[in-house]
Amino acid sequence: QVQLVESGGGLVQAGGSLRLSCAASGRTFSSYAMGWFRQAPGKEREFVAAISWSGGSTYDADSVKGRFTISRDNAKNTVYLQMNSLKPEDTAVYYCAADPNISSYYLEYDYWGQGTQVTVSS
């Protein structure tokens, strides 16, 4: 079992920045690839970014490429999502997820956090 807790969401103006954190506990964090997903009201869960267990490989959705950066600190059992140049369309609940294999497909992930709300005002 892996327990995940997200933090760092909030209300920000368009063009601003936020950094989300996801703290993991339970089984060995460094064994898991980590992903960030988001879900806006009435929409399907959407891939944002993913990082391999070592941090050596990362993948970003086209919609956030060049604005968001995923990173991890295995010593702190934490994965981060740095979000810059935020847009109103980035408004959603953001979730982190863990799985042994890196993927952009949310159904592949076994463990999920409870989510943190990000609201970007225009």
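Between Phe68 and Leu86, some side-chain heavy-atom pair lies under the 4.5 Å cut-off. Using a 4.5 Å heavy-atom threshold, the side chains of Ser63 and Glu46 count as touching. Residues Met83 and Leu20 are in side-chain contact: their nearest non-hydrogen atoms beyond the backbone lie under 4.5 Å apart.
Taking OG from Ser122 and CD from Gln13, the interatomic distance works out to 9.5 Å, rounded to the nearest 0.5 Å. Of the inter-residue distances, the one linking Asn74 atom CG with Ser31 atom OG reads 9.0 Å to the nearest 0.5 angstrom.
Among residues at least two apart or in separate chains, salt bridge (Lys or Arg N to Asp or Glu O under 4.0 Å) pairs with a member in residues 90-102 are Arg38-Asp90, Arg67-Asp90. Applying the disulfide bond (SG atoms under 2.5 Å apart) test to pairs two or more places apart or on separate chains, none has a residue in residues 45-93. Residue pairs meeting the disulfide bond (SG atoms under 2.5 Å apart) criterion with at least one partner in residues 39-122, sequence neighbours excluded, are Cys22-Cys96. Every pair tested for ring-ring contact (aromatic ring centres under 6.0 Å, His included) that includes a residue from residues 72-96 fails, sequence neighbours excluded, so the list is empty.
A donor-acceptor pair under 3.5 Å is absent between the side-chain atoms of Gln39 and the main chain of Ala92, judged by distance alone. No donor-acceptor pair under 3.5 Å is formed between the side chain of Arg45 and the backbone N or O of Leu107.
By the rule that hydrophobic residues join a cluster once side-chain heavy atoms approach within less than 4.5 Å of another member, Phe29 and Ile102 end up as members of separate clusters. Hydrophobic clustering places Leu81 together with Val120 (ILVMFWY residues linked when any side-chain heavy atoms are closer than 4.5 Å, directly or through intermediates). At a threshold of 4.5 Å between side-chain heavy atoms, the hydrophobic network of Ile, Leu, Val, Met, Phe, Trp and Tyr places Tyr111 and Trp36 in one connected group.
Under the rule for a ring pair (Phe, Tyr, Trp, His ring centres under 6.0 Å), the partners of Tyr109 that lie at least two apart in sequence or sit in another chain are Phe37. With sequence neighbours excluded, the residues that form a side-chain contact (heavy atoms from CB on, under 4.5 Å) with Lys65 are Asp60, Asp62.
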